[in-house]
Structures are given as C-alpha cells and as structure tokens.
There are 2 protein chains.
Amino acid sequence: MTTQTYTLEEQLALIQRGTQEILSEEDLIAKLKLNRPLRIKAGFDPTAPDLHLGHTVLINKLKHFQDLGHEIYFLIGDYTAKIGDPSGKNSTRPPLTDEQIKANATTYAEQVFKILDKEKTRVVFNSEWFNDMSAADMIQLASQQTVSRMLERDDFSKRYASQTPISIHEFLYPLVQGYDSIALKADVELGGTDQTFNLLMGRTLQGRYGQESQVCITVPILEGLDGVNKMSKSLNNYVAIHDAPGTMYQKLLSMPDTLIRRYFEFLSFKPMEEIEVLMAEMEGGRNPQEIKRILAEELIERFHDADAAANAHKSAGNVLADGELPVDLPEVTLTLEDGQESLFITQILNQAGLTKNSAAAKDMLKRNAVKVDGEEVNAGFSLTSGQTVVIQAGKKAYAKVTVG
Amino acid sequence: MTTQTYTLEEQLALIQRGTQEILSEEDLIAKLKLNRPLRIKAGFDPTAPDLHLGHTVLINKLKHFQDLGHEIYFLIGDYTAKIGDPSGKNSTRPPLTDEQIKANATTYAEQVFKILDKEKTRVVFNSEWFNDMSAADMIQLASQQTVSRMLERDDFSKRYASQTPISIHEFLYPLVQGYDSIALKADVELGGTDQTFNLLMGRTLQGRYGQESQVCITVPILEGLDGVNKMSKSLNNYVAIHDAPGTMYQKLLSMPDTLIRRYFEFLSFKPMEEIEVLMAEMEGGRNPQEIKRILAEELIERFHDADAAANAHKSAGNVLADGELPVDLPEVTLTLEDGQESLFITQILNQAGLTKNSAAAKDMLKRNAVKVDGEEVNAGFSLTSGQTVVIQAGKKAYAKVTVG
C-alpha cells in the first residue's frame, strides 16, 4: 500500500480524525504533497509496559499513518530509562537494567502489534544514538535552548513557582527527546496532549540542526470508564489490552452513554460515516447497550479474536460475583392494564421473562431467591406505575424493570 | 620544604593575608592539621593568556601555599574552551583549537612560573577527564544541582530577571568546573570573589560524590592604576607581566597613594611586618613615590631581573613621548622671601634645579624651550604664592613646582 492510493484529502481526513492539534496543518499538507512515505515517530517509555485503551488512541493514529503507507518508527526511550532519576528524588523512576528494558519492550511489542502491522513497523531504541554521545555533544545540545523557554513548560513553571526543586538534568530530558527526532529525521511526531512541549522541542531542534522541522500531532487523553477522569490503572477506570474478553466486554458495557461517541471515534476502526449512522440510531431510540456491544466486539476481536468477541457476553456473566449485576442488563418496560394500579412480583417475573411461568415464579419466591434492588422480597411485593427497579431471579436472571 | 617547617598559626597567617573569604576557616584548620601536603586547585581559562598584576593576586596566594609545602594544581580549563559558546550568542567565546590552547597554556606557564616554582607545580588540563565523559555522565552530573540554586548565581539571576536569555548549557559549566575538584580530589580551591558560586559548587559536588568537601578561598579583585575600577586591559589601567621594566616602573609610580597599601599587601612578598614599617614611614612624611619605587623594583625584579629593577627609573624617562610627563615627577616647593610677591621664571628654573644657572635659564627661555603646564612661556612669566604648576625645561628636565 503506497501513499499514491489515497488522495491528499482522504489522507488529511483520516489523519485529522480525533486529533487534538496539528502543528502545523500547513506543514503537514506540504509534507503529504512530497508524495513519499513520511517518517512517523512516536516515543514510548519502557517503564510501564501494560497498555490500556487510553494508550491505544496514539497507536491507532500510528495505524492510520501506516494504512496510508507511511513509515512508523516505534521509539523505545531506553536511554533515559537506564539513567532513571539520578537525583534519586523520584523513587518512581528507578533506573532499569538492559534485561528489564528488553522484557518490557517485548511485552510492548506484543500488545502494539495487535494494532500495527509488525512487518511495517520499525522498533528503534534511542540508546542506539545516545550511547555514543559524549558529554561535549550534550553541552552542545543544551546550548540550543534557553532556561526561560524550558521554564515555560507547564509542570516546570508550576514547580518553580511553588519552589519544588527541579534538578538540572530534568531540563536535559526534553532535549534528549527532541534529539531523537533529529536522529530519526522524523517528518511527524505523535504524542498525547501532555507531550506538546516536548514534541515542539523536537520541531525546534531539527531546525537548529539544519533539518526540516517535524509536524507535531497530539491526540487527546482518553477518559476512563467513569467518564470523568483520564483512563489510568491507578484510578481503576481502565480497560487493559491484556483484559480477558469477558472482562473487556463487561467493562465496556458499563461505560456511561456520554462516552460512546468518543470511544468510537478514538478506538474503532470503522469509518466515521458508519459511526455517524450508529449515533443517529442511538439518538433515534436504539438501546445504547447495543451500540456499546458493537464497539466491545470490535475491540475484543482486535485484542483477542472473532470467537472471543462472539462469546464475550456469555463469559461476562460468568465473571459476576455473587450479587453483582451484569453490565448488559436487559431493560424491560411493563404496562399496567386499564384500571390496574400495581403489578405483583409473580406477574412481573413472568412478564419480564425472568421465570417460565407463575409456578416457577412462586417457587422461586418461596426459596427467597428473588431480589429487588438487592433486597429479598416475598410474594406480597408489588410495583406501581413509574417505578424502575433491578430484579434478580435466582443466580442468572436479571432485568431492569420499569412499570409504564 | 614540608608543612612541618611551619606551625599551624604561621600557615594560617600567611594563607589569610589578603584573602576575601575562607569557606570555611574551620575546615581549613582541620585540613592543615592533617599534616600532609594539601591539594590546592586554581582554574584558568586559556582564552586570555596575557596576565596582568590583577591576575597575580591569585597566583601569589598559590605561591604562599607552595611555600608552605602544599601541592599546587594549576588547572587549564581547556575542555570548555574547546566547546566555546555553542549557542553562538557570545561572540567573545569562539571555540579554541588544540593548537591555540597549547600555545596559550605555554604563554601562561611562562608568566606564572615567574611566581611559582615550576618543578613543584602540576599543570593539568581538564580535558584529561572530560574527553572520556559520556552524555550519560553529564546527565548524572546535572542531576546533582537544582535550577533554582543555579539561578541564585548573581549573573544568572540578573539575566533571568531582565529576560536576557540564558542557554541551558551555561548551567552545565559551573558543574563542569565543580567536577574538576572531584577529579583532582582538591582540598582547597582558590579563585577571585567573582568565582565564589563556582567554588562552592565544587564543594557541594564533592560531598555528593562521596568526597571530603574542599575549602574555598577567594581573593579580592585588584583595582587598576586609576584606583577605582577593576584592573583590566580594556580599561587601560593595568600593569602587564609582559610590560617592559620602564613601562612597569612608570605605571606603578603613577598610581594614587591610596592604592599603595593594597598593592603591597597583594603583590609584594615582603612580610606584612616590613610593609607596616613602610606604611608608618609614609604616614610620617616619607615621599610616597619612594615607597612606590620599592614595590616597583620588587615587581620588576620578579618579572624581569635585578638589573632591570635597578635601571627601570632611567628607562622610564626614555619611553616618554614628546610632551608626556614622567610618572616620577620631582616635586619642589619654593618659598618667597619676606616682602616678595612673585618669582620670575628664571629664578624658578634655577631654584628648582631645572637649569644650572641663570644664564642657562635665560638661554632656554630664548630658545622657547620652557613650558608651564604645557604652554611655552617667556622671561616675563612669574608665579605668585599658592600656585602649583608643572614646568618642563628642555626635553628631559621636569618638576612639579609649588610656590609656598
């Protein structure tokens, strides 16, 4: 697949999808017009190899470029990882050994190649060029940027203002990252919005070292399943690439409806036109759980396989703990007959399809196996118009029931 | 000569003479009590090899340590000189070639060994340890100090406040200088007062690298011959080590009397007791020009030889340009007889010893060879009580004449 397969407009549309910022779009267009495979760089820190969907937003964007015929450089920042935080102040950055880095890189690759084409992706380590760099070269590199420019970086300016110490080597790390762009002759660098400063550093340094400056493209930080905070392990609002199909299914179906559009835009490989159709259907009344299921199945197929995708909804049930609700809870609305003021629980169990017949319903009530909103009820329990409850009959039958 | 020759008190007295600051005196005493030759470091920038007396204040202090039996490390900072100012903003710091540095170092040594004992002085180049330093080592070094600490350095804080750009590599240079102390395992580092920050950097870094911290000793910046500004070539208020004996003599005798004590303290190797005697004599009315001549002769002997010192006052006259005044201008006070209101120029020339007799005086006036304050005068010129003028009779006879 070469770039010639796509028009400039088609390329631009795919690249722009779900990006936060392109610096600058004009430069990007000029680069695309060169009509040669562009060198696309994205850097990864080999310290946290367990990827979640939040990380894949960036990898998906690499996939877009790869599909368009460009060259992907998947850069492992092993050089600084081996140095760690030499000031010893940041205990979360212990120096890594070569073995740890190699192991992490392998784990990384395994996950990333579920999205990217392994054959077309170049995995590079920045120690390749930095191991040979002398202290004099580093001084030279450090001369290319000013202290005040560096203090403009958001986290540095905050720390400086609050008198939280910044070690001088921390000023060197953005320069190291920027130098990677020079070593790779990057045409484009991708990163999260929190990387904007560092990406621009590469853009500036390339100019100083006589190279054409890279285009910087940032992708947004994906919200976690809570719909509010950034997806992260520590907040336990994440879907890991390593998650089992049932877990993935269950987690994705639990997300708030407000996230559906964003998750599709950033995580699905369906064309935006198809996604717009789904969104329109949802607006028109289609059950959001069904829409989520479509996404869940696409992602499970990507990270596992088609079989796992087809069966995930079953295994999702199996992972429920006692009393825990399934995420793909059927929703049922029951209507009162004219003149009827309430529905008794046996009627509800039957009409909602939670039991086969009235006898089975009565039997279950006798065994104290029916819960309404988590509380055991007996045969005398009834619902009136307007009420919505979650009803559990036995171990496996659930429904969210509304009396219309 | 070993340290055992001197008592602790004798050593301290000599070391303290003319120093600005000792950080700390307590540590210095502890080091001296080790009763071994201490490793004394002083760093020199090989970019400006022409030394003047201002530079020798520091070298004289090294001489004191050398006389006390300690080991002098005369450090040439060739590493950073070879890098220059890579940001290209400081055009006064072009990178030097190995050849230039070697030539400058030789010129340096020539001058310095007029003060220090060549056999007992170790000339070292910091490229010895820095050429092998990797970029990773430099990052490690940079991690040992914080941005805010570095911004406390006087020139950095001023530039930061006034938004004058500071390149990041400028933060690395004090660390490089500090690392030199580690490489040399320096016990003491000497520098000008403008070097205090950098000397303390070495003291701190040694501690971080597990060494005992060096003592930092600063010497004052010597005023130039104008008695006000720092001695410097650009202000043309200097005495260069390379200056010819006559020039040296002439320049030193031109200094204001207020400088005499400081110049003796910092530049003479006479014991302070002897100097105090001279100062007392001057207070008691001895002509300050005579005291200056003593210092001039000591310095000319040091930088040239005893013969040159003895004859410098003659050659001083020879270097005068037409109409230029000699610096050791004789001062003469003439008194009016009772009832006398003025003195005619023939009388003045005779009485001041500028001519042999009245005939010679008249002859000179006829030849228009007599100038008063630079203006030709004739036989009708006279002075009244209270006037002071400089009178020149012919090419070589001068006097500053006051009518009492």
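All chains are named by letter (A, B, ...) in the order of the sequence lines, taking the proteins before the strands, and each is independently numbered beginning at 1.
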What is the minimum heavy-atom distance between A/His169 and B/Ile139, and which atoms define it?
CB-O, 3.3 Å
B/Pro165 to A/Thr146 - nearest heavy-atom pair and separation
CB-CG2, 3.9 Å
Under 4.5 Å from any heavy atom of chain B - which part of A/Leu141:
neither
Chain B heavy atoms under 4.5 Å from A/Ile166: which part of the residue, side chain, backbone, both or neither?
both
For the residue pair B/Tyr160 and A/Tyr160, does the interplanar ring angle fall in the parallel (under 30°), tilted (30 to 60°) or perpendicular (over 60°) class?
perpendicular
Honestly, the part of A/Phe156 sitting under 4.5 Å from a heavy atom of chain B is neither
Is the number of heavy atoms from other residues, nucleotides or ligands within 6.0 Å of NZ (A/Lys102) greater than 12?
no
Rounded distance [0.5 Å steps], CZ in B/Phe171 versus OG in A/Ser143
14.0 Å
Part of residues 147-155 of chain A lying next to chain B, heavy-atom separation under 4.5 Å
A/Val147, A/Ser148, A/Met150, A/Leu151
Mind checking which of residues 182-215 of chain A sit less than 4.5 Å from chain B, heavy atom to heavy atom?
none
CD (A/Gln144) and OG (B/Ser167) are apart, to the nearest 0.5 Å, by 8.0 Å
Is the shortest heavy-atom distance from the side chain of B/Leu172 to the side chain of A/Ile168 under 4.5 Å?
yes
Please indicate whether A/Lys31 has more than 12 foreign heavy atoms, meaning atoms of other residues, nucleotides or ligands, lying under 6.0 Å from its NZ.
yes
